[in-house]
> 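My questions all concern the structure below.
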Protein chains: 2
Amino acid sequence: MPSADHTESVQDYLKTIYDIQREQGRVATTVLAERLGNSPASVTGMVKKLAALNLVEHERYQGVILTPAGEKIALEVIRHHRLIERYLAEALGVPWDRVHAEAEKWEHVLSEDLEDRIDALLGYPTTDPHGAPIPRRDGTIAPPYTSRLADLATGQSATVAEVSDHDPAMLRYFGELGLRPGVDVRVVSVAPFGGPMTVRLDDAEHTLGREAAGYVSVCDVKPAATDAADQ
Amino acid sequence: MPSADHTESVQDYLKTIYDIQREQGRVATTVLAERLGNSPASVTGMVKKLAALNLVEHERYQGVILTPAGEKIALEVIRHHRLIERYLAEALGVPWDRVHAEAEKWEHVLSEDLEDRIDALLGYPTTDPHGAPIPRRDGTIAPPYTSRLADLATGQSATVAEVSDHDPAMLRYFGELGLRPGVDVRVVSVAPFGGPMTVRLDDAEHTLGREAAGYVSVCDVKPAATDAADQ
DNA sequence: AATACGATTTAGGGAAGCCTAAACCGAGGA
DNA sequence: TCCTCGGTTTAGGCTTCCCTAAATCGTATT
């Protein structure tokens, strides 16, 4: 039962609404407009169409939320997007700061058949190159990570789970540092009042701004070791 | 010096005009309309736009021809298309009767960077899975084949060079027969008045209609052997 | 409680591309 | 030569999605 296929534009709106909803709960017209590169007025117009299609609920002056139908489509599009990103990185060697832009264009024209082939060829991956979870075919998705590198205290260590892919320059920077999903980090020191933090990665220490660290999600957080030999 | 990128629609028009021009010289509005699935009236409108962009020459009631600029773009699009077809078949195992439809959608969103990666990964192929030549990056292309299987006489043999990809059903049929580019054929017999011909392929004989045989281009045509032991 | 300001929506338009219906050309047969 | 008929173009319209400018709403502040 494939959902009726909507236009590219509708898909982009739903995908973006989904993202913002994850981050902020409420999806304001202005935010959506900025993220899509459209004027707020245009967004209002499109949102009305989405509401007419029962893909979002729209309360005037209050922003939108996805309906279950809208969320389903959003997840399908995101699945395409992340699977393509993974494929580009793994099979075609595209650097991870460029896969996003490329996937953005491809996601709308990927057939289900090809998606399945790519999925199988990659061995049914569960995350994209930035660590973001790939929605499953049944429309479910792993819950978002709850901890960020910026929140860790001195002495704590963790595993990098996901880095934000919104800014290619930031991705290149993280790449140079070796800050990739799966890598272990230990917080060496944290400057107070939102100052920079120093972390140890692959036996090298790096200092990075707290803001940048906010773009890194971590998992498996371990408390500051009182002893050097923990499990 | 990349050409200004035109819309998907413009690209499709130019590509199709190029194809028809190869086959028929003159490109009539009606033919173009039918091939694109648009009404003749719409095609006239678009043709006027193409002429205004100096991509085609249009003489009223006389059809169109590509200008050098138009041909350049057409060849770029065709290069994308055929490279993708090859990639889909070779790297992703898509059956050859489906690569066309898939490539049709992907060709418009392929970046130059990705094209280069695919090209290199495939080892700079010169033909697509149907045997059609892939235009080179410099805008040149191998000349079309001149002989068709349907034109061969009894006893002649040749190598299959290219099969038409216009009809997926026909492609599946050819595939079942083993009639693929690179395979040798020998004409066993030919019925008169455009009747079917029998050919030998891979040590098996098959009978196929003359019309179908018209969709198969051949090269390396050898005359009817007077002796069984030729080189 | 009044107001100001930012967020949001309405109003009015425009560019692409497509359509149908109707007018128009030109080449071959009467 | 005239006329017919198919191929082609014009006329007028529609849809989708975008825009700017001008209302309008909600709310934080006074």
Side-chain angles (χ1 to χ4, degrees), chain A residues 3-17 20-21 23-66 70 73-74 77 104-105 107-109, chain B residues 3-17 20-21 23-66 70 73-74 77 104-105 107-109:
Chain A
S3 336
D5 67 308
H6 300 278
T7 68
E8 204 160 308
S9 176
V10 167
Q11 294 182 5
D12 279 336
Y13 271 81
L14 293 175
K15 181 179 59 152
T16 307
I17 290 170
I20 300 172
Q21 204 171 303
E23 295 165 24
Q24 318 190 1
R26 178 185 113 102
V27 181
T29 305
T30 318
V31 177
L32 187 50
E34 194 183 342
R35 203 73 76 90
L36 288 164
N38 292 343
S39 74
S42 303
V43 168
T44 298
M46 191 55 157
V47 151
K48 281 162 104 176
K49 263 175 224 161
L50 296 179
L53 292 168
N54 282 307
L55 299 174
V56 302
E57 275 173 38
H58 182 215
E59 208 172 341
R60 283 186 37 154
Y61 293 94
Q62 295 298 120
V64 295
I65 332 177
L66 291 175
I73 294 174
V77 177
E104 200 73 23
K105 299 180 302 180
E107 65 191 9
H108 301 293
V109 299
Chain B
S3 334
D5 65 310
H6 298 279
T7 68
E8 205 159 306
S9 177
V10 166
Q11 293 181 5
D12 279 336
Y13 271 81
L14 293 175
K15 183 179 58 154
T16 307
I17 290 170
I20 300 173
Q21 205 171 304
E23 295 165 25
Q24 318 190 1
R26 177 185 113 102
V27 181
T29 305
T30 319
V31 177
L32 187 50
E34 194 184 342
R35 203 75 76 89
L36 288 165
N38 292 342
S39 74
S42 304
V43 168
T44 297
M46 190 54 156
V47 151
K48 280 162 105 177
K49 264 174 223 162
L50 296 178
L53 292 168
N54 283 306
L55 299 174
V56 302
E57 276 174 37
H58 182 215
E59 209 171 341
R60 285 188 33 154
Y61 292 95
Q62 295 298 120
V64 295
I65 333 177
L66 291 174
I73 295 173
V77 177
E104 200 73 23
K105 299 181 303 180
E107 65 191 8
H108 301 293
V109 299

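The chains referred to below are lettered A, B, ... by the order of the sequence lines, with proteins before strands, and numbering in each begins at 1.
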> Let me know the distance between CG of A:Leu53 and C1' of D:dC17, rounded to the nearest Å.
14 Å

> Indicate whether OP1 or OP2 belonging to C:dT8 is found under 4.0 Å from a side-chain N or O atom of A:Arg26.
yes

> Within the 4.5 Å heavy-atom criterion, are B:Lys15 and B:Glu107 side-chain neighbours or not?
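They are in side-chain contact.
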
> Looking at A:Thr29, I'd like to know whether one of its side-chain N or O atoms comes within less than 4.0 Å of OP1 or OP2 on C:dT9.
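It does, given that an N or O in the side chain of A:Thr29 lies less than 4.0 Å from OP1 or OP2 of C:dT9.
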
> I need the CG-P distance between A:Leu32 and D:dC18, as an integer number of Å.
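Atom-to-atom, A:Leu32 to D:dC18, this comes out as 11 Å.
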
> Is there a side-chain polar atom (N or O) of A:Thr7 under 4.0 Å from OP1 or OP2 of D:dC17?
yes

> To the nearest angstrom, how far is B:Lys48 atom NZ from C:dG17 atom C1'?
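Atom-to-atom, B:Lys48 to C:dG17, this comes out as 14 Å.
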
> Report the residue from A:Val64, A:Ile73, A:Val56, A:Leu50 that forms a side chain to side chain contact (heavy atoms under 4.5 Å, CB included) with A:Tyr13.
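Among A:Val64, A:Ile73, A:Val56, A:Leu50, the one that satisfies the side chain to side chain contact (heavy atoms under 4.5 Å, CB included) with A:Tyr13 is A:Leu50.
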
> Any side-chain N or O of A:Arg60 under 4.0 Å from OP1/OP2 of C:dT10?
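Yes, within the criterion.
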
> Between D:dT9 and B:His58, is there an OP1 or OP2 to side-chain N/O distance shorter than 4.0 Å?
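The answer is yes; a side-chain N or O of B:His58 sits under 4.0 Å from OP1 or OP2.
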
> With nearest nucleotide decided by heavy atoms, which residue, A:Met46 or B:Glu59, maps closer to the 5′ end of DNA chain D?
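The residue mapped nearer the 5' terminus is B:Glu59.
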
> If you look at every heavy atom in B:Asn38 and B:Val43, which pair is closest and at what distance?
CB-CG2, 4.2 Å

> Would you mind checking if A:Glu59 and A:Arg26 are paired as a salt bridge, meaning a charged N to carboxylate O distance below 4.0 Å?
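So A:Arg26 does not pair with A:Glu59 through a salt bridge.
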
> Strictly below 4.0 Å, heavy-atom distances to any atom of DNA chain D: list the hits from residues 33-44 of chain B, or just say none.
B:Pro40, B:Ala41, B:Thr44

> If you take all heavy atoms of A:Ala74 and A:Leu14, which pair is closest and at what distance?
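In terms of heavy atoms, the two residues are closest at CB-O, 3.6 Å.
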
> Give the rounded distance in Å between these two atoms: CD of A:Gln62 and C1' of D:dT24.
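After rounding, the reported distance stands at 14 Å.
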
> Nearest heavy-atom pair of B:Gly63 and B:His58: which atoms, and what distance?
O-CD2, 3.5 Å

> In whole Å, what is the span from the NE2 atom of B:His108 to the P atom of C:dG17?
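Interatomic distance, NE2 of B:His108 to P of C:dG17: 12 Å.
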
> Just N and O in the side chain of A:Tyr61: are any of them under 4.0 Å from OP1 or OP2 of D:dA23?
no

> Atom CG of B:Asp12 and atom C1' of C:dA16: how far apart are they, to the nearest Å?
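It works out to 14 Å between those atoms.
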
> Separation of B:Tyr13 atom OH from C:dA16 atom P, in whole Å?
14 Å

> Give the rounded distance in Å between these two atoms: NZ of A:Lys49 and C1' of C:dT10.
15 Å

> Any donor and acceptor pair, going by atom type alone, linking the side chain of B:Gln21 with main-chain N or O of B:Leu66 inside 3.5 Å?
yes

